[in-house]
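The block underneath contains the structure these notes are about, expressed in structure tokens.
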Amino acid sequence: MSSEFKKEQIIFYSIEDESLKKLHIYESGVSAGFPSPADDYLDVDLNLHKYLVKHPTATFFIIAKGHSMEKAGISDSDLLVVDKSLEPKNKDIVVAIVNGEFTVKRYLISRGSICLKAEGLSNDYPDINITDSIEFEVWGVVTHTIHNNR
Amino acid sequence: MIALADCNNFYASCERVFNPALKNKALIVLSNNDGCVIARSNESKAIGIQMGEPVFKARKLIEKNNVTVFSTNFALYGDMSKRVMSLLSNMSPDIEIYSIDEAFMDFSGIKNYLRLGLEMRDVVLKHTGIPISVGIAKTKTLAKVANHFAKRHTKKDIYILDSESKISSVLKLMPVSKIWGIGSQYAKMLNSYGVKSASDFILLDEGWVLKKMTIAGLKMQRELKGEPCISLDTSPSRKKSICTSRSFGVKVTQLQVLKESISSHAARCAEKLRLEQGCARYVSVIIKTNPFSELDGYYHGYKTMNFNTPTNDTMDIVGAAETLLKSIYKKGFIYKKSGVIIGDIIPQNQIQLNMFDVDQNKAKRDSLNSAVDFINKAIGKDTVYIGSQGIAREWQLKREKLSPCYTTKWNDLLTVRC
């Protein structure tokens with residue numbers, strides 16, 4: 001009995017919380033019965049955030065208010081994914097600052113002149129032609145529009 | 001070479017990203033409880049609003065110049081800071097995040113300092129809308145000096161202190177009070193000996209500096225002479241202590257109200273401690289009255305208590321804090337501020353149990369705390385809390401001019417007309 005004790009070594013483990021967190025729990029559990037045939041094919045979860053947000057440091061979510069971009073698929077209260085790091089290209093939808101105010105419009109550039117085009121269902125919404133007297137800046141490019149269908 | 005990137009008027013700049021109408025306008029951000037001015041746009045500096053000034057003193061200037069006023073929105077500033085720091089880390093492998101708006105970076109091995117510095121400035125501005133300044137020099141203290149100079153005297157917000165002649169002329173322009181690490185006390189002392197500028201300071205005898213300003217002062221002096229003494233700290237060490245304190249939004253006289261605030265601070269400390277996976281050996285409680293109010297009399301109570309076994313249990317820490325509070329509370333004073341400090345923090349997996357401290361409930365308490373942290377993280381801060389923290393919490397601070405948490409709350413997202 002005593003000799004058996006002597007043989008045993010006592011080792012103290014310092015348990016790091018991190019290593020515990022990394023343990024994965026199998027989807028089908030470990031109870032009796034057949035394991036799920038799908039366990040071998042478990043893939044990573046599809047991460048919608050990663051799909052929508054290519055530049056996390058530069059991406060902001062913004063709520064659209066108004067109807068001037070309905071034809072472009074932006075309805076009142078839609079959630080816009082806006083990337084500030086992108087340079088606007090012709091026909092991008094952008095969040096722009098015009099004379100100190102935010103607006104969402106289609107960015108059209110031809111021969112150096114810029115027009116912010118409204119795309120409402122009616123013709124009530126004027127385009128904004130950017131002239132020298134207008135203080136103008138593109139704040140970010142709208143990369144996705146999230147619309148709630150219910 | 002060491003680079004220091006520092007966000008320009010960081011809090012004010014954060015507010016401006018979401019308020020384009022405030023471009024080129026005077027705006028200020030107030031401290032907790034809307035007490036003092038803690039951030040100013042350049043326009044507010046120009047009209048003479050002072051840093052740290054109580055807001056009532058600046059009231060006339062604010063009204064006359066139509067200055068826009070904000071309460072501190074740390075959720076917003078924290079998120080914007082995370083973005084800036086993440087961008088800087090991508091561009092420089094060795095980085096020490098020094099504060100919410102400053103980072104030191106190791107530029108050794110970089111061929112073109114100016115190009116990298118300008119790239120940092122442009123990328124950060126483009127991605128986040130936050131303007132930064134970059135100072136580059138041989139030591140951290142000189143990089144601070146270079147940054148100070150870049151902000152005030154350059155158009156591109158970048159300055160490289162790379163020659164003896166540049167260093168000596170810039171140090172002449174730098175008041176000692178503005179040197180990194182020299183507080184107002186040392187600045188006063190130095191001024192009284194006729195030491196006005198940083199270039200006066202580096203001429204002082206090293207023995208004298210050591211005697212008057214300890215080893216820290218000597219290090220500052222050597223760093224200003226171009227001898228690196230403070231290395232880049234790229235792996236932030238575990239915190240030694242955690243403090244939560246707040247000024248009250250209302251006049252507080254009763255023990256019960258103080259108790260609610262102290263319980264809340266203690267619970268918050270415990271939560272932060274668990275996040276760091278640490279346990280604290282002691283807890284201290286502070287209560288004080290308004291030092292500027294001569295009528296009410298000044299009282300400052302402070303007491304510390306050691307735990308038998310270091311702990312991160314909310315109930316242990318709250319319980320101890322309440323006991324301390326009862327022993328320092330005095331009737332008849334109007335209290336202005338309360339705080340809890342927990343300290344001597346060690347990693348939670350290195351605790352040695354005290355032989356007299358056999359707590360049968362420890363495992364249960366640990367799971368309870370984990371559950372509470374989990375719920376509060378998933379659903380929102382203070383979804384579950386200890387009863388003694390109070391429900392109405394009328395003592396909480398004033399933040400009347402709080403801007404929306406544009407980047408961290410669904411209900412606060414920026415709305416744009418279209």
Side-chain angles (χ1 to χ4, degrees), chain A residues 12-21 55-70 72 74-87 93-106 116 118-120 125 135-142 145-146, chain B residues 14 16-25 68 76 79-91 120 122-130 274-279 312 346-352 366 369-370 373-374 404-418:
Chain A
F12 289 100
Y13 288 102
S14 159
I15 299 173
E16 296 256 13
D17 271 15
E18 269 308 301
S19 60
L20 290 178
K21 274 183 214 148
H55 302 116
T57 52
T59 301
F60 297 87
F61 299 151
I62 288 178
I63 302 289
K65 279 272 164 242
H67 304 276
S68 77
M69 293 300 280
E70 298 266 9
I74 298 176
S75 308
D76 189 50
S77 302
D78 278 357
L79 176 73
L80 308 178
V81 179
V82 181
D83 190 332
K84 261 181 84 60
S85 69
L86 300 176
E87 271 316 314
I93 298 172
V94 297
V95 174
I97 303 168
V98 178
N99 289 333
E101 275 186 44
F102 279 123
T103 183
V104 177
K105 292 287 178 288
R106 181 83 66 185
L116 295 179
E119 299 188 357
Y125 305 98
E135 210 186 307
F136 165 75
E137 185 186 322
V138 172
W139 192 87
V141 173
V142 179
T145 306
I146 316 280
Chain B
C14 287
R16 230 176 220 171
V17 171
F18 303 92
N19 280 284
L22 298 176
K23 193 180 169 185
N24 303 326
K25 298 266 166 64
T68 310
L76 177 65
D79 179 76
M80 295 303 280
S81 167
K82 219 168 65 188
R83 292 166 187 255
V84 172
M85 296 308 167
S86 155
L87 289 165
L88 292 174
S89 326
N90 287 342
M91 286 181 276
M120 286 178 166
D122 293 346
V123 168
V124 170
L125 182 65
K126 179 80 185 144
H127 280 238
T128 65
I130 301 291
R274 290 193 295 271
L275 208 64
E276 295 247 329
Q277 299 180 4
C279 285
N312 62 16
I346 57 164
Q348 65 186 13
N349 54 13
Q350 287 172 18
I351 297 172
Q352 301 199 332
D366 283 348
N369 284 318
S370 310
D373 290 344
F374 179 79
C405 298
Y406 297 109
T407 57
T408 52
K409 280 199 186 122
W410 287 112
N411 290 333
D412 278 13
L413 294 183
L414 180 68
T415 57
V416 168
R417 290 220 62 84
C418 70

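Since this is a predicted model, take the numbers as computed values, not measurements. Letters A, B, ... mirror the listed sequences (proteins, then strands); counts begin at 1.
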Check: Hey, which of A/Glu101, A/Lys105, A/Glu87, A/Glu70 has the most heavy atom pairs under 4.5 Å with chain B?
Finding: A/Glu87
Item checked: Heavy-atom closest pair, residues A/Thr57 and B/Arg83 -> O-NH1, 3.3 Å
Check: For A/Ile62, is it the side chain, the backbone, both, or neither that has a heavy atom closer than 4.5 Å to a heavy atom of chain B?
Finding: both
Next item on the list: Describe, in one word, how the ring planes of A/His55 and B/His127 are oriented to each other, choosing from parallel (under 30°), tilted (30 to 60°) and perpendicular (over 60°).
Entry: perpendicular
Next item on the list: Please name the residue in the list B/Val416, B/Asn19, B/Thr415 that meets the side chain to side chain contact (heavy atoms under 4.5 Å, CB included) test with A/Phe102.
Entry: B/Val416
Margin query: Taking B/Val17's backbone N and O only, do any of them form a donor-acceptor pair with A/Trp139's side chain (distance below 3.5 Å, no angle check)?
Written below: yes
Margin query: Around atom NZ of B/Lys126, are there more than 12 heavy atoms from other residues, nucleotides or ligands closer than 6.0 Å?
Written below: yes
Checklist line | A/Glu137 portion near chain B, given a 4.5 angstrom heavy-atom threshold | finding: side chain
Item checked: Heavy-atom proximity to chain B below 4.5 Å, by part of A/Leu86 -> backbone
Check: Tell me, side chain or backbone of A/Ser77 under 4.5 Å from chain B's heavy atoms, or both, or neither?
Finding: neither
Notebook entry, point to check: Shortest non-hydrogen contact from A/Met69 to B/Cys418?
Noted result: CG-CB, 4.2 Å
Margin query: If I measure from the heavy atoms of chain A, does B/Lys23 come under 4.5 Å with its side chain, its backbone, both, or neither?
Written below: side chain
Checklist line | Heavy-atom pair count under 4.5 Å with chain A, highest-scoring of B/Leu414, B/Leu22, B/Asp79 | finding: B/Leu414
Notebook entry, point to check: Checking heavy atoms, do the side chain of B/Thr128, its backbone, both or neither come under 4.5 Å from chain A?
Noted result: both
